[in-house]
Amino acid sequence: MQKTNEPGFGHIDIRALRFLAEVLMRRSVTQAGEAFGLSQPAASRLLAQLRHALGSDPLLVRASTGGYVPTTRAIELLPRLHEAIAATNRVFAQPGFDPGKSTRTFRIATTDYGAAVVVPALVRALRAEAPGISLELCAWSVETLGDLEEGRTDFALYTDEILPQGFHYAPLFDESFALLLRSDHPILDSRDHSGHIAPSELATLPRVVLLYPDGSKMGVDDPLAEYGRQFGPGDLRTPHFLSAPLSVIGSDFVLCVPRRMAHLMATANDLAVVDFPEADPITYCMIWHDRAEMDAGMAWVRDRLKSAIGPVSEDKR
């Protein structure tokens with residue numbers, strides 16, 4: 001252990017280095033002390049500590065003109081002090097973010113629902129304002145929350161589930177549900193004047209049931225089950241939103257999905273959409289961890305996503 005009367009810099013802080021640079025530039029302990037709000041005795045004590053840390057070099061010596069001149073060691077020190085102070089300033093400087101110049105890659109965890117419904121709006125916003133930013137999508141999984149904590153993923157898109165401590169969320173929109181059937185399905189003749197079909201009738205059909213990540217397991221999203229039979233023979237379970245409607249084409253299957261996804265699927269596959277107001281709506285969110293809360297770049301991207309999606313509201317017709 002270093003003794004207190006031995007040279008060393010263990011007790012020297014950045015303010016002392018700034019003071020030393022000021023002393024050497026002004027060639028005056030008094031003026032440097034005044035610039036730092038130090039009394040003459042306090043400035044002299046601090047300079048004595050600095051001299052001791054530097055091996056008792058006097059740093060300033062009297063000149064024949066009556067002023068002071070820096071020693072050889074002091075002249076060598078001054079540019080190094082400037083470098084050290086500049087480096088410290090960079091360490092403590094608030095990080096900036098210029099979206100127009102950024103080439104960062106942001107990693108987003110999501111199901112294919114978020115990839116199809118939310119991400120395209122963000123892509124368009126980034127192309128307009130931050131063309132150098134790249135996005136990388138990864139599948140939502142049981143590892144996602146851990147990936148957010150460790151920085152392997154920047155933020156995620158998911159429903160308004162209860163989150164562990166240390167996580168944040170921002171609602172993007174409210175979403176209801178709809179049912180998809182082939183456009184010539186005979187049950188469509190049962191629609192009332194508003195286009196509604198009784199869930200008890202729909203529950204008799206064979207159905208495609210979506211699976212979704214739920215904690216450490218896959219959950220089953222089968223809202224028709226409470227209106228009739230449970231999942232059974234002839235049905236299909238799948239975790240793939242985008243391929244699920246392919247099983248509906250040319251079959252008697254019915255598929256329940258969030259309404260925005262239903263309309264995307266129907267347009268691409270010539271399917272009929274039937275509103276399902278009996279199903280509980282969800283709020284779709286983006287989530288992130290405390291570690292990313294103060295990241296200027298991620299805060300900007302989160303703001304752009306909220307703006308691109310629009311205010312939280314009932315799903316648009």
Side-chain angles (χ1 to χ4, degrees), residues 106-123 135-148 152-161 172-183 185 199 202-203 205-226 229-276 279-287 305 309 315:
F106 293 90
R107 201 159 189 257
I108 307 171
T110 182
T111 62
D112 47 6
Y113 170 78
V117 173
V118 176
V119 172
L122 178 59
V123 169
L135 299 179
E136 179 181 343
L137 303 187
C138 55
W140 180 285
S141 73
V142 297
E143 306 296 332
T144 293
L145 295 184
D147 289 340
L148 290 169
R152 292 184 291 269
T153 301
D154 294 311
F155 65 95
L157 303 173
Y158 203 49
T159 55
D160 54 342
E161 302 290 334
L172 295 174
F173 53 80
D174 297 328
E175 177 75 297
S176 59
F177 286 83
L179 300 153
L180 285 171
L181 306 102
R182 73 172 197 262
S183 58
H185 199 295
L202 292 162
L205 297 175
R207 55 185 177 264
V208 179
V209 175
L210 290 169
L211 303 175
Y212 64 95
D214 182 18
S216 61
K217 64 183 187 303
M218 294 298 287
V220 179
D221 191 11
D222 188 13
L224 280 174
E226 63 180 285
R229 65 179 182 82
Q230 299 295 314
F231 182 89
D235 294 336
L236 168 67
R237 285 181 179 173
T238 176
H240 304 298
F241 276 77
L242 296 181
S243 64
L246 300 179
S247 298
V248 176
I249 299 171
S251 75
D252 288 335
F253 278 125
V254 60
L255 168 64
C256 180
V257 292
R259 196 173 186 281
R260 285 171 173 79
M261 178 67 88
H263 283 281
L264 286 175
M265 293 173 168
T267 300
N269 298 287
D270 190 27
L271 297 173
V273 178
V274 176
D275 284 340
F276 188 19
D280 292 333
I282 60 171
T283 299
Y284 204 65
C285 306
M286 59 177 160
I287 65 174
L305 178 55
I309 294 298
D315 55 308

Give me the one residue out of L179, L210, L205, L224 that meets side chain to side chain contact (heavy atoms under 4.5 Å, CB included) with L255.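 So the option named by the test is L210.
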So which heavy atom on [X] is nearest to which on [Y], and how close?
| X | Y | answer |
| --- | --- | --- |
| R207 | F231 | NH2-N, 3.8 Å |
| F155 | L122 | CZ-CD2, 4.4 Å |
| P199 | F276 | CG-CE1, 3.9 Å |
| D235 | F253 | CA-CE2, 4.1 Å |
| P223 | A279 | CB-CB, 4.4 Å |
| A115 | V119 | O-CB, 3.6 Å |

Under 4.5 Å between any side-chain heavy atoms of L271 and P245, yes or no?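 SC-SC contact between L271 and P245 confirmed.
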If we only count heavy atoms from C-beta on, is the I282 to F177 side-chain gap below 4.5 Å? yes
Gap between atom [atom2] of [Y] and atom [atom1] of [X] - 0.5 Å precision:
| X | Y | atom1 | atom2 | value |
| --- | --- | --- | --- | --- |
| I309 | F173 | CD1 | CZ | 6.0 Å |
| D154 | D147 | CG | CG | 11.0 Å |
| T159 | L172 | OG1 | CG | 11.5 Å |
| I108 | T144 | CD1 | OG1 | 12.5 Å |
| M265 | S243 | CE | OG | 8.0 Å |
| L145 | T153 | CG | OG1 | 10.0 Å |

Which residues pass the salt bridge (charged side-chain N to carboxylate O under 4.0 Å, His left out) test with D270, sequence neighbours left out?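 In terms of salt bridge (charged side-chain N to carboxylate O under 4.0 Å, His left out), with neighbours along the sequence ignored, D270 is linked to no residue.
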Step-by-step side-chain contact (heavy atoms from CB on, under 4.5 Å) determination, V118 to T110: CA-CA 10 Å; V118 176; T110 182; over 6 Å; no
Show me the pairs that pass salt bridge (charged side-chain N to carboxylate O under 4.0 Å, His left out) and involve residues 237-255, at least two apart or across chains.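 Residue pairs with at least one partner in residues 237-255: R182-D252.
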Does V273 form a side-chain contact (heavy atoms from CB on, under 4.5 Å) with L180? I'd like the steps, not just the answer. CA-CA 5 Å; V273 178; L180 285 171; 3.7 Å; yes
Side chain of R107, backbone of R152: donor and acceptor closer than 3.5 Å?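 It does hold such a pair.
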Ring geometry between Y284 and Y113 (parallel below 30°, tilted from 30 to 60°, perpendicular above 60°): perpendicular
Quick one: list whatever passes side-chain hydrogen bond (donor to acceptor under 3.5 Å, both in side chains) with E143, sequence neighbours left out.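 Here no residue qualifies.
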Between L157 and L305, is a side-chain contact (heavy atoms from CB on, under 4.5 Å) present by the stated rule, with each step listed? CA-CA 11 Å; L157 303 173; L305 178 55; 3.9 Å; yes
